Amino acid sequence: MPMSERKFIKTQKKNWIISATGNDRTPCWEFKANQEKSKVLNGTLKDEILGYILNKLGNRYTLCATFEIQVNTNDIEITAQDGAWDDWTPSKEKETKIRVFFKQVLEPKLKEYLSKVELIYEKPSNS
């Protein structure tokens, strides 16, 4: 998808900033939270055209979209827990438990992508 066929090269929508990156073969759109308004990406982008695919070659096309995030322990707040610590647990111990939880549980799950949609189209054969 040539850059000239992409929409949202650099724009702001509600609580996020959209930038088109990547190259003609692997286009990418980055959605980032608008730090002035929100620290959390929130909202929807419905029925928007991100671009046009040109020069489709072959009988099989694959379009893959992933939603990826980059987080660290500073980005995570645990709002509820059951028995991992109580009001008398020293703060260093609590922080260590949160870091371990992040490294062993969350980080492996979020490493590749948060969600993925794949569309595969095969042109019917003329038989």
Side-chain angles (χ1 to χ4, degrees):
M1 178 182 294
M3 187 64 85
S4 62
E5 295 300 322
R6 297 188 215 173
K7 305 299 177 198
F8 299 120
I9 301 300
K10 181 82 171 176
T11 189
Q12 281 192 242
K13 292 267 190 182
K14 290 191 179 183
N15 294 331
W16 59 80
I17 300 167
I18 305 169
S19 303
T21 63
N23 56 43
D24 291 355
R25 191 160 163 73
T26 56
C28 179
W29 287 265
E30 293 181 354
F31 295 78
K32 294 183 180 181
N34 185 344
Q35 296 297 328
E36 294 173 9
K37 295 182 181 178
S38 171
K39 291 184 179 182
V40 177
L41 185 61
N42 185 9
T44 58
L45 187 62
K46 292 183 180 181
D47 299 323
E48 293 282 353
I49 295 172
L50 294 177
Y52 297 96
I53 299 172
L54 303 176
N55 301 328
K56 295 174 271 197
L57 301 172
N59 294 328
R60 181 181 170 103
Y61 314 108
T62 303
L63 178 66
C64 182
T66 58
F67 182 70
E68 302 168 3
I69 60 172
Q70 295 175 342
V71 296
N72 62 44
T73 51
N74 296 331
D75 298 327
I76 295 174
E77 180 179 338
I78 296 177
T79 57
Q81 55 81 29
D82 190 20
W85 60 78
D86 55 31
D87 293 339
W88 300 277
T89 303
S91 62
K92 284 280 189 197
E93 184 179 334
K94 182 178 168 183
E95 289 170 18
T96 301
K97 288 181 178 186
I98 291 171
R99 236 183 278 101
V100 168
F101 175 74
F102 175 77
K103 283 288 186 196
Q104 293 180 355
V105 178
L106 288 180
E107 194 175 75
K109 291 181 186 233
L110 302 175
K111 197 169 198 163
E112 287 187 47
Y113 53 82
L114 192 59
S115 67
K116 177 180 179 178
V117 176
E118 192 168 309
L119 172 69
I120 300 173
Y121 172 77
E122 284 194 55
K123 194 182 291 186
S125 60
N126 296 337
S127 14

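What you are looking at is a predicted structure, and each value in this text was computed from that prediction instead of being measured. No hydrogens, no waters, no symmetry mates; every other heavy atom, side chains included, goes into these values.
For E122, the side chain to side chain donor-acceptor pair (under 3.5 Å) test picks out R60, with sequence neighbours left out.
Hydrophobic clustering (side-chain heavy atoms under 4.5 Å, transitive across Ile, Leu, Val, Met, Phe, Trp, Tyr) groups V105 together with W85. L106 and I98 fall within the same hydrophobic cluster, where Ile, Leu, Val, Met, Phe, Trp and Tyr residues are linked whenever their side-chain heavy atoms come under 4.5 Å apart, directly or through other members. Note on V117 and Y121: separate hydrophobic clusters, where clusters join Ile, Leu, Val, Met, Phe, Trp and Tyr whose side-chain heavy atoms are under 4.5 Å apart, directly or indirectly.
No more than 12 heavy atoms of other residues, nucleotides or ligands sit less than 6.0 Å from atom CD of E112.
How far NZ of K94 is from CG of D87: 8.5 Å, rounded to the nearest 0.5 Å.
Between K97 and E95 there is no salt bridge, since no side-chain N of the basic residue sits under 4.0 Å from a carboxylate O of the acidic one.
Nearest heavy-atom pair across K116 and T66 is CG-CG2, 3.8 Å.
Contact of the F101 side chain with the T96 side chain is not registered, since no non-hydrogen atoms from C-beta on lie closer than 4.5 Å.
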